[in-house]
Amino acid sequence: GITLGDPSGIGPEIVAQALAGAPDEWRGRIIVYGDRGPLERGARAAGVTLPDIAVRGDGTGELAVAGAPDEASGAAQVGYLEAAVAAAQAGQLAAIVTAPISKTWAKRAGFSFPGHTEMLAARLGAPDVVMMFVGPKLRVALATVHVALADVPRELTTARVRTTLELLAASL
């Protein structure tokens, strides 16, 4: 499952590019949690053609304007994430990939977590999690997330680094 992120942000473009480059054998297994309108707009902006892919949105993000987040786009991005988590909890998804959200607008829509990582851990009962950025040649796992820079020395413990490395190794 892939969440579209903020429908007024960069998420639709990122997801469209990822889908356009996905291997054919993956396409029948991928579900996008988001609205089709912003995803198609993202594909046009990225200059790619969307493959035939399942898209599950409730319409809350259809009117989102690129570069103009608002209450509706905030509610939409939270709804996309909640729908993907519900599908994962029901055993319908093996993994969730998330596009960027606007934390400001998500918070205004009732999102009570600092970011995706903490929400996914809480809802899916994961005792340890790692945020990882994945690119064609590089993977980066973060030992601390969503904390003020001043708090990093306190958060960056030997145990936390070890857990991060173990989860990273398992994912690779």
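The one candidate from D58, D35, D6, T98 that meets the side chain to side chain donor-acceptor pair (under 3.5 Å) condition with Y80 is D35.
A heavy-atom distance below 4.5 Å is found between the side chains of I2 and L19.
The two residues P114 and H146 have their closest heavy-atom pair at CB-CB, 3.7 Å. Taking each heavy atom of P38 and L4 in turn, the nearest pair found is CB-CD2, 4.0 Å. Closest of all the heavy-atom pairs between M132 and S171 is CE-OG, 3.4 Å. Nearest heavy-atom pair, T164 versus A141, reported as atom, atom and distance to 0.1 Å: CG2-CB, 4.1 Å. Between A99 and V15, the closest heavy-atom pair is CB-CG2, 3.8 Å. The minimum heavy-atom distance linking S8 with P69 is given by the pair OG-CA, 3.2 Å.
The 12-atom threshold is exceeded at NZ of K103, counting heavy atoms of other residues, nucleotides or ligands nearer than 6.0 Å. More than 12 heavy atoms of other residues, nucleotides or ligands sit less than 6.0 Å from atom CZ of R160. When the shell of 6.0 Å around CG of L63 is examined, it contains 12 or fewer heavy atoms from other residues, nucleotides or ligands. Counted within 6.0 Å of CG on L149, heavy atoms from surrounding residues, nucleotides or ligands total 12 or fewer; the atom is thus considered open.
Atom OG1 of T144 sits about 9.5 Å away from atom CE of M131, to the nearest 0.5 Å. How far CZ of F111 is from CD1 of I101: 4.5 Å, rounded to the nearest 0.5 Å. With values rounded to the nearest 0.5 angstrom, E40 atom CD is found 11.5 Å from T49 atom OG1. Separation of atoms OG (S102) and NZ (K107) is listed at 12.0 Å; rounding is to 0.5 Å.
Using modelled atom types, no side-chain atom of R139 and backbone atom of L168 make a donor-acceptor pair closer than 3.5 Å. Here the side chain of E62 pairs a donor or acceptor atom with the backbone of R36 at under 3.5 angstrom. Side chain of E13 to main chain of I10: no donor-acceptor pair is present (N/O by atom type, distance under 3.5 Å, no hydrogens or angles).
Under a hydrophobic clustering in which Ile, Leu, Val, Met, Phe, Trp and Tyr are joined whenever their side-chain heavy atoms come within less than 4.5 Å, directly or via other members, I53 and W26 fall into the same cluster. V32 and I14 are assigned to two separate hydrophobic clusters, defined by single-linkage of ILVMFWY side chains at heavy-atom distances under 4.5 Å. V161 and V145 end up in different hydrophobic clusters when Ile, Leu, Val, Met, Phe, Trp and Tyr side chains are linked at under 4.5 Å. When hydrophobic clusters are built by joining Ile, Leu, Val, Met, Phe, Trp and Tyr residues whose side-chain heavy atoms come closer than 4.5 Å, directly or via intermediates, L124 is grouped together with F113. Put simply, L138 and V134 are part of two different groups of oily side chains (I, L, V, M, F, W, Y) that touch within less than 4.5 Å, one to the next.
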**Item:** side chain to side chain contact (heavy atoms under 4.5 Å, CB included) evaluation trace for L120 with V129
**Value:** CA-CA 9 Å; L120 292 168; V129 295; over 6 Å; no
**Message:** Quick one, I96 with H116, criterion side chain to side chain contact (heavy atoms under 4.5 Å, CB included). Give me CA distance, side-chain angles, the key distance, then yes/no.
**Reply:** CA-CA 10 Å; I96 299 173; H116 292 100; over 6 Å; no
